[in-house]
Amino acid sequence: AKVCVGLLSNVFANTYPKNLMKLISSLHNILPNRKMLSDESIQTAWKYLESISSDNGESCIKKEVPCRIEKYDLHIIIPVFNGEKYIQKCFESIVAQRTDYSMYITVVDDGSTDGTADILKNFSVKYDNVEIITQENAGHSGARNSGLRRLYGRYLMFVDSDDELVDNAVQFLMQKAEQTGEDIIGGGYTTIAETGELLSTYMPSNSHQHGFPWGKIYKSYLFEKVEFPMNYGFEDTIIGMIIIPFSNSQPNIKELVYRYRVNSQGITSTAAGQPKVLDSIYITQRLLKDREKLGIRMTHDFYDSLLYQIRMNQWRAWTLRNRAIDRALFEVSSKLIYSYPEYDTNNKHLKLLELALRNRYFMLYLMACV
């Protein structure tokens with residue numbers, strides 16, 4: 001144990017050491033393999049987690065195939081719940097786009113109880129290419145899914161009601177899509193405070209898509225068989241686990257296309273410290289099963305993504321401050337990685353986590369998730 005602590009001390013410095021892979025290789029020789037996972041231990045872990053918060057979510061696979069009309073180049077879907085504060089700015093940033101491409105806009109009022117409905121009435125009266133859907137509250141997934149029942153565009157885009165598009169975003173994204181024929185095209189984004197103040201700017205690499213639904217366009221066919229899974233928090237996990245792996249490739253453009261407003265009432269903020277954070281592991285498990293049903297094959301890239309997702313699940317669970325929950329997550333996460341013995345990560349930021357899960361060392365797992 002003392003040797004391991006000494007070896008690991010460098011890992012938790014401000015930067016990873018240059019010889020990290022050598023360090024991990026030496027840990028392989030020091031740490032003996034723990035006993036294999038048993039079905040009983042996995043079942044016990046799942047039962048314990050569900051005693052804290054039940055898994056009530058549903059599959060992402062659609063029961064009915066949507067109607068694809070594709071009359072427009074781009075179909076933009078805006079889910080809104082009690083969005084009177086920002087929906088006007090959001091909508092105006094879309095209709096003000098200067099573009100050669102035709103757009104259809106679906107705004108889904110998800111049971112708002114404030115003045116949202118009155119604002120939306122003006123949209124549909126003024127614009128022929130705007131539809132307003134009003135429904136009882138069904139959550140973010142239910143609102144987006146209502147917009148997906150009829151696919152009016154060759155491409156799809158999701159815009160949250162408190163966010164905005166950057167000028168010329170549609171033109172930049174659609175031009176790239178037309179030039180390349182790729183399934184998904186993304187761009188850079190800024191984060192802004194609730195007051196509108198600029199907080200940060202993010203420019204993705206050419207080929208790496210982040211897992212958010214927004215800030216990109218998708219070919220409509222990607223949502224023919226699937227939708228956002230109902231009754232889960234972190235429902236946008238579907239983008240990284242299903243949509244991106246199902247597509248052919250996903251380049252990014254160098255232009256900024258989106259302004260993301262940091263929302264103190266979003267799921268990331270409101271779920272922290274609440275049992276609902278366990279939806280993060282539940283939706284991971286559910287989407288892995290859906291991948292099999294959809295015939296999406298495992299790849300090295302997705303294996304790395306799964307390790308990142310496991311680490312994200314643990315980050316969220318830490319807000320519960322419950323070591324028994326951490327232990328249960330470790331058990332079920334080990335099982336997930338045990339399911340893919342033919343893969344090994346080459347990512348130095350994930351190697352320690354993989355080592356901990358494969359060799360079943362709980363404390364090393366917690367350290368690796370830092």
Side-chain angles (χ1 to χ4, degrees), residues 11 16 20-25 27-28 31 33-34 36-37 39 42 45-46 59-61 183-184 186 204-213 222 226 229 232 234-252 279-317 326 328-362 364-370:
V11 177
Y16 279 81
L20 177 61
M21 301 305 286
K22 186 182 295 185
L23 181 153
I24 291 174
S25 178
L27 284 177
H28 270 293
L31 297 176
N33 288 341
R34 292 287 179 92
M36 294 290 289
L37 281 167
D39 291 340
I42 295 300
W46 280 117
S59 169
C60 75
I61 300 174
D183 285 352
I184 303 175
S205 65
N206 180 57
S207 59
H208 176 72
Q209 287 286 350
H210 58 67
F212 309 126
L222 293 172
V226 300
Y232 280 119
F234 315 108
E235 75 288 335
D236 54 6
T237 306
I238 187 179
I239 302 299
M241 291 191 66
I242 301 288
I243 299 299
I244 290 176
F246 192 64
S247 63
N248 54 20
S249 59
Q250 317 88 31
N252 290 296
D279 276 10
S280 191
I281 183 63
Y282 295 151
I283 197 171
T284 301
Q285 176 81 349
R286 174 76 67 173
L287 292 177
L288 284 172
K289 292 178 180 178
D290 286 347
R291 282 173 56 92
E292 292 182 13
K293 293 178 182 178
L294 292 165
I296 303 175
R297 64 184 181 88
M298 173 59 74
T299 64
H300 276 96
D301 285 344
F302 182 75
Y303 176 77
D304 281 0
S305 295
L306 181 58
L307 284 167
Y308 273 119
Q309 184 64 38
I310 287 171
R311 190 167 70 179
M312 177 65 72
N313 297 342
Q314 182 57 55
W315 283 347
R316 290 165 175 163
D326 297 339
L329 274 176
F330 168 68
E331 293 292 326
V332 300
S333 298
S334 293
K335 174 62 176 177
L336 295 183
I337 296 306
Y338 265 60
S339 300
Y340 305 104
E342 68 274 29
Y343 291 95
D344 292 293
T345 183
N346 293 317
N347 186 320
K348 68 179 182 179
H349 300 285
L350 299 172
K351 199 68 179 176
L352 196 64
L353 175 59
E354 180 186 60
L355 175 69
L357 293 170
R358 289 268 177 89
N359 290 272
R360 308 218 45 280
Y361 273 85
F362 175 57
L364 190 61
Y365 158 80
L366 293 182
M367 292 178 184
C369 285
V370 172

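Please read all numbers here as calculations on a predicted model, not as lab measurements.
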Just how far is it from atom [atom1] of [X] to atom [atom2] of [Y], taken to the nearest 0.5 Å?
| X | Y | atom1 | atom2 | result |
| --- | --- | --- | --- | --- |
| T237 | I283 | OG1 | CD1 | 4.5 Å |
| D279 | Y282 | CG | OH | 7.5 Å |
| I296 | F302 | CD1 | CZ | 8.5 Å |
| M312 | C369 | CE | SG | 11.0 Å |
| S333 | R311 | OG | CZ | 13.0 Å |
| I238 | L287 | CD1 | CG | 6.0 Å |

Listed partners of D183 passing salt bridge (Lys or Arg N to Asp or Glu O under 4.0 Å), at least two apart:
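In terms of salt bridge (Lys or Arg N to Asp or Glu O under 4.0 Å), with neighbours along the sequence ignored, D183 is linked to K219.
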With sequence neighbours left out, what residues match D304 under salt bridge (Lys or Arg N to Asp or Glu O under 4.0 Å)?
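Per chain and number, D304 pairs via salt bridge (Lys or Arg N to Asp or Glu O under 4.0 Å) with no residue.
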Stepwise, does the side-chain contact (heavy atoms from CB on, under 4.5 Å) test hold for L364 with N359?
CA-CA 10 Å; L364 190 61; N359 290 272; over 6 Å; no
Under the ring-ring contact (aromatic ring centres under 6.0 Å, His included) test, residues paired with [X] that sit two or more places apart:
| X | value |
| --- | --- |
| Y303 | Y343 |
| F212 | H210, W214 |
| Y365 | F330 |

Please list all pairs meeting salt bridge (Lys or Arg N to Asp or Glu O under 4.0 Å) that have one or both residues in residues 238-250, counting only residues at least two apart or in different chains.
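Residue pairs passing salt bridge (Lys or Arg N to Asp or Glu O under 4.0 Å), neighbours aside: none found.
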With sequence neighbours left out, which residue pairs that include part of residues 336-345 fulfil the salt bridge (Lys or Arg N to Asp or Glu O under 4.0 Å) condition?
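Every salt bridge (Lys or Arg N to Asp or Glu O under 4.0 Å) pair that includes a residue of residues 336-345, provided the two are not neighbours, is D344-R358.
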Taking every non-hydrogen atom, the tightest pair across [X] and [Y]:
| X | Y | result |
| --- | --- | --- |
| E354 | T345 | OE2-N, 3.0 Å |
| P245 | I239 | CD-O, 4.0 Å |
| A45 | V332 | CB-CG1, 3.8 Å |

Ignoring hydrogens and geometry, is there a side-chain-to-backbone donor-acceptor pair from D290 to C60 under 3.5 Å?
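Such a contact is found between D290 side chain and C60 backbone.
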Just by distance, do the side chain of R291 and the backbone of M241 share a donor-acceptor pair under 3.5 Å?
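A pair under 3.5 Å: yes.
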T284 side chain reached by F234 side chain, heavy atoms, under 4.5 Å
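No - every pair of side-chain heavy atoms lies 4.5 Å or more apart.
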Hey, mind stepping through L357 and L307 against side-chain contact (heavy atoms from CB on, under 4.5 Å) and telling me if it holds?
CA-CA 10 Å; L357 293 170; L307 284 167; 4.2 Å; yes
Looking at residues at least two apart in the chain, or sitting in another chain, which of them share a side-chain hydrogen bond (donor to acceptor under 3.5 Å, both in side chains) with [X]?
| X | answer |
| --- | --- |
| S247 | Q250 |
| Y308 | N347 |
| R286 | Y232 |
| S280 | N313, R316 |

Partner residues of Q285 under the side-chain contact (heavy atoms from CB on, under 4.5 Å) criterion, sequence neighbours left out:
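By the side-chain contact (heavy atoms from CB on, under 4.5 Å) rule, Q285 matches W46, K289, L336.
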